[in-house]
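One structure is given here, and the rest of the page talks about it.
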Amino acid sequence: FVLYLNKQSSAFFLSPPRIKDEPDEDGYYASPKEDSKPLKRPREEDDDEYKPKKIKTEDTKKSKKRKQEEEEVKCETKRAPEGDNKKKKQKKEEEQKWKWWEEERHPEGIKWKFLEHKGPVFAPPYEPLPENVKFYYDGKVMKLSPKAEEVATFFAKMLDHEYTTKDIFRKNFFKDWRKEMTSEEKSTITNLSKCDFTQMSQYFKAQTEARKQMSKEEKQKIKEENERLVKEYGFCVMDNHKERIANFKIEPPGLFRGRGNHPKMGMLKRRIMPEDIIINCSKDSKVPPPPPGHKWKEVRHDNKVTWLVSWTENIQGSIKYIMLNPSSRIKGEKDWQKYETARRLKKCVDKIRNQYREDWKSKEMKVRQRAVALYFIDKLALRAGNEKEEGETADTVGCCSLRVEHINLHPELDGQEYMVEFDFLGKDSIRYYNKVPVEKRVFKNLQLFMENKQPEDDLFDRLNTSILNKHLQDLMEGLTAKVFRTYNASITLQQQLKELTTPDDNIPAKILSYNRANRAVAILCNHQRAPPKTFEKSMMNLQTKIDAKKDQLADARRELKSAKADAKVRRDEKSKKTVESKKKAVQRIEEQLMKLEVQATDREENKQIALSTSKLNYLDPRISVAW
DNA sequence: CAGCGCACTTAGGAGGTTCTCA
DNA sequence: TGAGAACCTCCTAAGTGCGCTG
């Protein structure tokens with residue numbers, strides 16, 4: 001079953017249950033028996049460590065003992081006298097007793113004690129085009145300076161992409177390209193439309209093709225070379241453990257590809273040099289040397305953060321980081337904490353729901369807006385919706401940043417009362433479109449919030465994420481808007497799995513059920529994907545197969561019928577046997593048909609839905625394991 | 001309490017690799 | 001065995017949320 005889960009969540013299967021991982025009163029996270037044993041994480045300094053194949057289980061006695069100890073800690077906490085400060089202090093002490101596999105936990109805020117790494121891998125230097133690949137301006141051959149040529153190749157490589165037809169993209173690109181030109185080039189090249197990149201484009205296409213056509217040995221060689229690079233730079237040592245680094249390669253230069261309608265699309269992402277790089281490692285480690293003839297921007301020793309390398313990117317001026325792989329302790333632990341917070345929310349979510357329902361009646365506008373927004377976040381799993389700088393990014397919104405133009409109120413629609421129609425672009429400019437019936441009070445409140453406002457005005461003008469999260473913090477320690485998404489995603493999976501699966505289903509049916517449960521979550525979270533380019537065709541192929549199977553089935557049935565009739569007349573062993581084999585054939589074909597139909601359903605339902613994001617980030621893996 | 005910087009999580013697309021089935 | 005589908009990994013953009021400052 002582990003195969004159905006993304007490998008990147010694998011840290012979970014290896015993490016010892018530090019507090020009781022037992023089902024609560026509703027059977028939430030009911031674990032199989034084996035699950036209660038602590039699982040040992042192989043810690044040899046092994047090249048394969050990041051994808052451990054064997055999971056050793058610790059001996060049961062020891063685990064029982066540990067469990068008892070943890071239980072005692074818990075009980076003590078429970079018996080502890082009330083009083084916030086004391087409670088908090090005790091909680092901190094309790095936290096300090098937790099272990100990440102027989103290890104001391106760091107004091108709060110400290111992320112590591114020792115960190116050593118080899119530094120980043122820089123993008124390969126630019127290789128000038130061969131002489132025979134020409135660039136034409138206004139129909140005439142033109143030899144570009146290396147710098148201008150490099151930037152031109154970025155554009156040429158994207159020529160087939162829709163991006164290069166967009167006005168903003170072209171404008172931004174041309175502006176930044178001109179900055180890289182010599183004054184001579186600048187005076188000649190004044191119009192992008194007169195630039196002919198086709199030879200460059202063809203050259204790169206030929207290269208891609210050649211790469212595809214390479215022999216097995218050559219491909220193997222490249223693969224080995226990559227593996228060597230990973231071996232050398234892809235790992236670091238953090239607190240006695242060798243850990244895999246997620247992105248040890250510095251992003252190569254290129255043209256910025258924003259998502260959606262991004263005002264900066266096409267701008268030049270400049271090459272990152274060692275002089276841009278900040279190295280973070282521990283004082284007592286071997287500091288990675290900068291490339292010969294270069295210097296780092298800075299070397300620091302900050303153990304309150306998890307990153308190894310950072311630099312400032314030139315498009316938005318934001319900081320980029322090199323951090324560890326999801327299989328690392330530091331990421332896995334954080335991930336686990338996230339799901340534990342979601343589990344804590346489960347315990348008080350009813351109270352919170354009652355509270356926000358009460359708040360819909362509040363005399364204070366601010367409180368009402370907060371309550372309605374929270375209702376949306378809870379019911380529809382919307383994102384928080386931080387403010388963003390206007391004109392710097394694509395125009396997308398979340399809950400708190402919804403504008404009047406993003407919703408439509410229908411007192412009645414499709415035979416239902418109090419319908420709200422949402423239509424806005426969310427993260428990554430993915431459209432959120434949904435029609436939902438809401439409670440009358442919510443509907444009336446929305447009417448109130450929209451009164452005397454322009455379409456481009458904020459729906460929740462007295463609210464932002466910081467106000468909302470401060471309120472949530474008061475309701476439960478560690479509660480923020482995003483916790484609702486995690487909680488509702490995981491609980492939906494659990495409920496759907498329970499509802500959709502029957503123990504005696506066959507395997508394809510169970511897979512379909514699991515995918516359907518996963519799909520319910522993906523729909524809730526609005527995780528979409530572009531339908532595969534060959535979707536229609538592949539669907540048609542499948543349908544042809546199904547039709548053929550159906551014909552085959554009809555034939556087989558007919559044959560069975562005639563065999564039966566035959567057997568009735570002849571009454572001999574041979575004809576009886578024929579009937580039996582024909583029967584089996586019908587059965588087999590029926591099964592095959594069923595399998596195909598299940599496949600078709602699964603694929604059709606999955607056309608525009610991406611299951612991976614929820615699997616990776618929202619579904620507590622323990623639910624899947626338990627199922 | 002606004003505004004900003006920083007750190008970290010969540011996201012879809014591209015493109016390569018592996019699997020499946022006729 | 002080969003084509004096409006499915007899957008996986010990498011890449012990097014785009015979110016969330018916290019803490020500091022004035």
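All values derive from a computational prediction rather than experimental measurement. Below, chains carry the letters A, B, ... as their sequence lines are ordered, and counting in each starts from 1.
Mapping D302(A) and D428(A) onto DNA chain B by nearest heavy atom places D302(A) closer to the 5' end of the strand. Both H161(A) and C525(A) lie close to DNA chain B; mapped to their nearest nucleotides by heavy-atom distance, the more 5′-ward contact belongs to C525(A).
Counting non-hydrogen atoms under 4.0 angstrom, K264(A) reaches nothing in the nucleic acid. Residue K470(A) is out of contact with every strand shown, counting any heavy-atom pair closer than 4.0 Å. S466(A) comes within 4.0 angstrom of no nucleic acid atom, judged by non-hydrogen atoms across all strands.
Between R259(A) and D428(A) there is a salt bridge, since a side-chain N of the basic residue sits under 4.0 Å from a carboxylate O of the acidic one. For E150(A) and R271(A), the salt-bridge test passes: some basic side-chain N is under 4.0 Å from an acidic carboxylate O. K304(A) has no carboxylate O lying under 4.0 Å from a charged side-chain N of D302(A), or vice versa, which leaves the two without a salt bridge. For the pair K264(A) and E313(A), the salt-bridge criterion is not met [side-chain N within less than 4.0 Å of a carboxylate O]. We find that E298(A) and R300(A) are joined by a salt bridge, their nearest charged nitrogen and carboxylate oxygen being less than 4.0 Å apart. Note on D395(A) versus R403(A): salt bridge recorded, some NZ/NE/NH1/NH2 to OD/OE distance being below 4.0 Å. We find that R170(A) and D167(A) are not joined by a salt bridge, their nearest charged nitrogen and carboxylate oxygen being 4.0 Å or further apart.
Rounded to whole angstrom, the span from the CE atom of M265(A) across to the P atom of dT12(C) amounts to 18 Å. Separating the CG atom of L616(A) from the C1' atom of dC11(C) is a distance of 14 Å, rounded to the nearest angstrom. Taking atom CG of residue N325(A) and atom P of nucleotide dC8(B), one finds them 16 Å apart after rounding to whole Å. Here dC1(B) presents its P atom at 10 Å from CG of N464(A), a figure rounded to the nearest Å. In this structure, Y339(A) atom OH and dT9(B) atom P are separated by 12 Å, rounded to whole Å. At whole-Å resolution of the value, CZ in R244(A) and C1' in dC10(C) are 10 Å apart. At whole-Å resolution of the value, NZ in K615(A) and P in dA6(C) are 13 Å apart. In this structure, the CG atom of N261(A) is 15 Å from the C1' atom of dA13(C), given to the nearest Å.
Each of dA7(B), dA11(B), dC11(C) was ranked by its minimum atom distance to the side chain of K249(A); first place goes to dC11(C). Side-chain atoms of K338(A) lie closest to dT10(B) of the nucleotides dT9(B), dT12(C), dT10(B). Checking dT10(B), dA7(B), dG12(B) against every side-chain atom of R300(A), the shortest atom distance belongs to dA7(B).
Side-chain N/O atoms of R529(A) include none lying less than 4.0 angstrom from OP1 or OP2 on dA6(C). Listed pair K427(A) / dT9(B) fails the phosphate criterion, with no side-chain N or O lying under 4.0 Å from OP1 or OP2. Between H527(A) and dT10(B) there is no side-chain N or O to OP1 or OP2 distance below 4.0 Å. For the pair K331(A) and dT9(B), the criterion of a side-chain N or O lying under 4.0 Å from OP1 or OP2 is met. Contact between the side-chain N/O atoms of K388(A) and the OP1/OP2 oxygens of dG15(C) is found at a separation under 4.0 Å. OP1 or OP2 of dA11(B) lies within a sub-4.0 Å distance of a side-chain N or O belonging to Y618(A).
Applying the side-chain contact (heavy atoms from CB on, under 4.5 Å) criterion to K175(A), with sequence neighbours excluded, gives no partner residue.
Listed by residue number, the members of residues 251-259 of chain A with any heavy atom below 4.0 angstrom from DNA chain C are E251(A), P252(A), F256(A), R257(A), G258(A), R259(A). Taken residue by residue, residues 201-210 of chain A places no heavy atom nearer than 4.0 Å to DNA chain B. Of the residues in residues 306-320 of chain A, those with a non-hydrogen atom less than 4.0 angstrom from any atom of DNA chain C are Q316(A), K320(A).
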Between the protein and nucleotides 16-18 of chain C, list every N/O to N/O distance that falls short of 3.5 Å.
from: dT16(C); atom 1: OP1; to: A384(A); atom 2: N; distance (Å): 3.2
from: dT16(C); atom 1: OP1; to: G385(A); atom 2: N; distance (Å): 2.7
from: dT16(C); atom 1: OP2; to: N386(A); atom 2: N; distance (Å): 3.0
from: dT16(C); atom 1: OP2; to: N386(A); atom 2: ND2; distance (Å): 3.2
from: dG17(C); atom 1: OP1; to: T480(A); atom 2: OG1; distance (Å): 2.9
from: dG17(C); atom 1: OP1; to: A481(A); atom 2: N; distance (Å): 3.3
from: dG17(C); atom 1: OP1; to: K482(A); atom 2: N; distance (Å): 2.8
from: dG17(C); atom 1: OP2; to: N469(A); atom 2: ND2; distance (Å): 3.1

Write out a two-atom table: protein N or O, nucleotide N or O from nucleotides 18-21 of chain B, distance below 3.5 Å.
none

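Figure legend: cation-pi geometry between K269(A) and F256(A) absent, as NZ or CZ is not positioned both under 6.0 Å from the six-membered ring centre and within 45° of its axis.
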The test is side-chain hydrogen bond (donor to acceptor under 3.5 Å, both in side chains); show your working for K388(A) and T396(A) and say whether it passes. CA-CA 9 Å; K388(A) 344 197 277 171; T396(A) 61; 2.7 Å; yes
Could you give me the CA-CA distance, side-chain angles and deciding distance for F169(A) and Y163(A), then say whether ring pair (Phe, Tyr, Trp, His ring centres under 6.0 Å) is met? CA-CA 6 Å; F169(A) 189 93; Y163(A) 272 118; 5.3 Å; yes
Output, in order, the C-alpha distance, side-chain angles, deciding distance and verdict of side-chain hydrogen bond (donor to acceptor under 3.5 Å, both in side chains) for T465(A) and N386(A). CA-CA 6 Å; T465(A) 51; N386(A) 285 314; 2.5 Å; yes
Tell me, with the steps shown, if Y618(A) and R485(A) meet side-chain hydrogen bond (donor to acceptor under 3.5 Å, both in side chains). CA-CA 8 Å; Y618(A) 289 103; R485(A) 236 166 115 81; 3.0 Å; yes
What do the steps show when you test E387(A) against N464(A) for side-chain contact (heavy atoms from CB on, under 4.5 Å), and what is the final call? CA-CA 8 Å; E387(A) 299 105 298; N464(A) 61 35; 3.9 Å; yes
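Scanning both residues, N261(A) and S429(A), for their nearest heavy atoms gives N-OG, 4.2 Å.
Once rounded to the nearest 0.5 Å, the distance linking OG1 of T306(A) with OH of Y321(A) reads 9.0 Å. Between C525(A) atom SG and L611(A) atom CG the span is 11.5 Å, to the nearest 0.5 Å.
The ring of F424(A) has its center no closer than 6.0 angstrom to the ring center of Y433(A).
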